[in-house]
2 protein chains.
Amino acid sequence: MKVTISDIAKAANVAKSTVSKVLNDSPKISQETKQKVREIMKQMNYTPSSIATGLARQSSCNIGLLVDMSKESEFLNQFFYNIIGGIESVIAPLKYELTISNVQHSSPEGHFLNRLVFSKRVDGIIANNSVLTEELSEELNQLEFPYISIGEIMTPGSWVDFDNEAGGNMLTEHLIEQGYSKIAFIGGQQQEKIYTHRLGGYLSALQQADLTVPQQWIINCKADEHDSYHAALELLQREERPDSVVCMNSYVAFGVLQAAKALGIDVPSELGIAAFDEYPLSRYTTPPLTSLNIDTFKLGVSSGQLLMERIRGNDAPHKHSLLEPELIPRESTMRAKFSGTTS
Amino acid sequence: MKVTISDIAKAANVAKSTVSKVLNDSPKISQETKQKVREIMKQMNYTPSSIATGLARQSSCNIGLLVDMSKESEFLNQFFYNIIGGIESVIAPLKYELTISNVQHSSPEGHFLNRLVFSKRVDGIIANNSVLTEELSEELNQLEFPYISIGEIMTPGSWVDFDNEAGGNMLTEHLIEQGYSKIAFIGGQQQEKIYTHRLGGYLSALQQADLTVPQQWIINCKADEHDSYHAALELLQREERPDSVVCMNSYVAFGVLQAAKALGIDVPSELGIAAFDEYPLSRYTTPPLTSLNIDTFKLGVSSGQLLMERIRGNDAPHKHSLLEPELIPRESTMRAKFSGTTS
DNA sequence: TTGTATGCGTTATCAG
DNA sequence: CTGATAACGCATACAA
């Protein structure tokens with residue numbers, strides 16, 4: 001049933017070591033024996049055992065993707081598939097496989113450090129920054145174990161992320177180009193780094209255009225349709241109200257849209273709406289939303305590449321990779337076409 | 001740096017085999033030596049090498065999830081994360097890990113049979129029916145290699161799936177209960193098994209309610225918002241038009257909704273809309289859609305359980321598992337509340 | 001109850 | 001160029 005290297009050696013009338021060398025295409029084996037051995041391997045339908053190879057080589061040819069499935073991460077939930085695809089596309093040609101591991105089983109010995117790292121199941125790790133705590137990344141640093149964080153981390157280490165600041169800039173600049181000038185920002189919590197970056201981009205775009213907005217137009221709230229609906233309802237009834245808004249994500253935009261509808265405010269002529277995160281609603285609202293698309297496949301690719309670099313040469317310095325988002329203009333900010341009533 | 005079983009043996013002043021037995025909690029080791037050895041393992045921070053264990057035990061404690069990332073499967077794209085979570089929740093306690101593998105690299109030796117099965121990287125496989133062709137499942141059957149298909153397959157083998165027929169039934173029955181009787185069905189292609197099942201449920205519900213509908217009310221088209229929009233536009237302008245429609249998914253429903261809006265047909269009073277597939281739009285349309293939710297986490301759980309059964313006892317007969325969907329009633333079919341103008 | 005010897009399927013280090 | 005032989009880290013039959 002199962003054919004090993006010894007079987008091949010016997011059948012080919014050579015030593016196991018010779019077969020091994022043929023397997024690895026060693027330059028010091030004659031072409032004819034290579035031919036002969038390969039012939040027999042094909043005939044006998046031989047495939048080397050990855051486990052035995054791993055033991056001998058002291059490498060699993062396996063990389064681990066860590067996730068915390070208990071956390072219901074909207075981001076991972078949406079883009080997991082793409083990220084995996086990206087990682088896979090770079091590691092597969094290098095003969096590596098991808099192991100997904102859930103971190104939530106934090107029983108003492110169920111910890112991923114045991115399950116994957118110490119047990120040598122994987123040669124490197126990719127994880128998003130919510131699971132890669134400062135503590136963990138420092139431990140991995142000490143072990144000199146290769147890892148990449150998806151999302152910026154503050155400890156010294158390699159990571160990949162989207163350029164949220166550039167994104168905030170793009171969205172805001174786009175609004176300005178469309179003739180909006182009284183631009184609000186809705187959604188997100190101040191502690192979240194992603195919020196800080198996005199807001200930072202918004203602010204710098206305003207500054208560059210010499211625009212100032214009241215502090216009260218920057219509204220922190222849970223970035224879902226419910227809270228943003230109420231926030232927008234309040235904002236849009238103030239004495240001085242914005243003529244446009246940058247939204248933390250498409251759910252927020254959805255809430256703002258509902259609020260505008262409830263107040264009889266027309267989008268985009270009276271209110272422009274631009275949002276981070278194309279997914280999942282932007283195309284399907286009325287009107288469709290101008291939003292920022294991110295290429296999550298590329299995110300996987302980058303993290304895979306960086307990780308493989310670290311696995312190959314351990315001495316490489318830590319690297320970061322910032323990916324540019326892409327603006328998708330849609331009706332919700334197309335003021336030009338509907339600006340008959342513009343002040 | 002790396003501590004092996006020999007180091008522990010030396011430090012504890014026992015034989016390697018004793019340490020091994022402690023590791024596996026063998027009943028024929030005295031409590032005191034167990035204590036002592038464990039103590040030392042903890043002190044020296046020892047974790048057994050999964051590769052060495054695998055080689056000795058002839059098992060990888062690893063299961064493979066096969067996907068074809070080239071196919072842009074809407075289903076997997078949406079639910080990959082949940083399915084993985086489900087699988088993980090059953091295999092992790094059994095000390096198994098999950099390896100994701102992309103099938104599209106169909107270079108001769110990059111085939112997953114080599115990469116995973118023959119190379120003994122995994123002890124079993126889960127794959128959806130689009131990658132598990134008849135040919136492949138038959139080959140796996142011959143090899144007696146454990147596998148589970150996500151989605152029904154016709155070759156003898158184990159699979160898990162949602163009960164699409166029951167789903168069609170539930171949606172249709174719900175419409176009937178709401179007082180609708182002229183029920184159309186939009187979206188899907190006749191060759192797709194999933195369509196056949198969903199339509200079958202719809203038809204049987206009609207039959208049970210002694211309702212008949214014109215053959216032309218069953219409309220095949222690509223199940224997206226564009227094609228279904230045009231299909232609905234045409235359907236709703238016919239001499240005799242339906243008072244409700246069952247949609248293949250939420251995109252189709254979105255298209256139908258647009259068409260109704262364009263024609264000034266009120267939903268739900270003049271047209272009821274019920275749809276398969278909660279995700280991703282159902283909650284966010286106006287009005288929100290009555291739809292069918294599926295628990296994809298459970299799908300993962302089921303497939304994991306079935307696979308582990310097969311890995312444990314190879315002689316187990318093939319099993320199938322049909323999961324029930326859940327109806328989520330929303331405004332799009334709430335005729336009762338809006339039925340002032342009902343005929 | 002514990003220790004010894006051998007095997008799991010490769011790779012790698014030497015001789016030849 | 002090719003062939004013994006010793007790792008790799010753990011499990012297991014058998015002996016003590």
Side-chain angles (χ1 to χ4, degrees), chain A residues 1-38 40-41 44-62 95 114-123, chain B residues 1-38 40-41 44-62 95 114-123:
Chain A
M1 191 61 212
K2 53 186 169 185
V3 28
T4 78
I5 202 175
S6 307
D7 300 323
I8 302 294
K10 230 167 280 175
N13 226 331
V14 295
K16 291 193 323 187
S17 57
T18 304
V19 179
S20 173
K21 280 163 196 151
V22 173
L23 238 28
N24 298 291
D25 202 23
S26 160
K28 32 187 184 175
I29 295 288
S30 71
Q31 282 305 321
E32 39 180 351
T33 42
K34 274 189 187 172
Q35 285 298 336
K36 184 179 64 177
V37 173
R38 282 185 181 135
I40 297 197
M41 297 197 302
M44 302 184 63
N45 215 287
Y46 168 71
T47 304
S49 155
S50 66
I51 305 190
T53 308
L55 184 58
R57 283 229 185 93
Q58 296 287 69
S59 144
S60 63
C61 279
N62 215 343
K95 306 286 178 198
N114 288 308
R115 278 172 64 192
L116 298 183
V117 178
F118 294 142
S119 71
K120 297 184 185 23
R121 257 179 193 282
V122 300
D123 296 347
Chain B
M1 188 63 214
K2 52 186 170 187
V3 28
T4 77
I5 201 173
S6 308
D7 301 323
I8 302 295
K10 231 167 279 176
N13 225 333
V14 295
K16 292 194 321 187
S17 61
T18 304
V19 179
S20 172
K21 280 163 196 150
V22 173
L23 237 30
N24 298 293
D25 202 23
S26 160
K28 29 189 185 176
I29 295 288
S30 72
Q31 282 306 321
E32 40 180 350
T33 42
K34 274 189 189 173
Q35 285 298 336
K36 182 180 64 177
V37 172
R38 280 186 182 133
I40 298 197
M41 298 198 300
M44 303 185 63
N45 215 287
Y46 168 72
T47 304
S49 155
S50 66
I51 305 190
T53 309
L55 184 58
R57 282 230 185 94
Q58 296 286 68
S59 144
S60 63
C61 280
N62 213 345
K95 306 285 178 198
N114 288 307
R115 278 173 64 193
L116 298 182
V117 178
F118 294 142
S119 71
K120 298 185 184 21
R121 257 179 194 280
V122 300
D123 296 348

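Since we're looking at a predicted model, the values are computed, not measured. In what follows, every chain begins at residue 1, and chains take the letters A, B, ... in the order their sequences are listed.
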Please check this pair: side chain of A:Thr53 against backbone of A:Ser49, looking for a donor-acceptor N/O pair closer than 3.5 Å.
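The answer is yes, because a donor-acceptor pair under 3.5 Å joins these two groups.
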Tell me the interatomic distance from [X], atom [atom1], to [N], atom [atom2], rounded to whole angstroms.
X: A:Lys95; N: C:dT10; atom1: NZ; atom2: P; result: 16 Å
X: B:Lys34; N: C:dT1; atom1: NZ; atom2: P; result: 9 Å
X: A:Asp25; N: D:dC1; atom1: CG; atom2: P; result: 13 Å

Is any side-chain heavy atom of [X] closer than 4.5 Å to a side-chain heavy atom of [Y]?
X: B:Asp25; Y: B:Arg38; result: yes
X: B:Arg121; Y: A:Cys61; result: yes
X: A:Lys16; Y: A:Ser6; result: yes
X: A:Tyr46; Y: A:Leu23; result: yes

Which value, rounded to the nearest 0.5 Å, describes the distance between [X] atom [atom1] and [Y] atom [atom2]?
X: B:Ile29; Y: B:Gln31; atom1: CD1; atom2: CD; answer: 10.5 Å
X: A:Arg115; Y: B:Thr47; atom1: CZ; atom2: OG1; answer: 13.0 Å
X: A:Ile51; Y: B:Ser59; atom1: CD1; atom2: OG; answer: 7.0 Å

How would you summarise protein contacts on nucleotides 9-16 of chain D per nucleotide, using B for base, S for sugar-phosphate only and - for none, with heavy-atom distances below 4.0 Å?
BBBBB---
Enter the inter-axis angle for the ends of the helix from C:dT1-D:dA16 to C:dG16-D:dC1 (five pairs per end, rounded to 10°).
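Roughly 40° between the end axes, to the nearest 10°.
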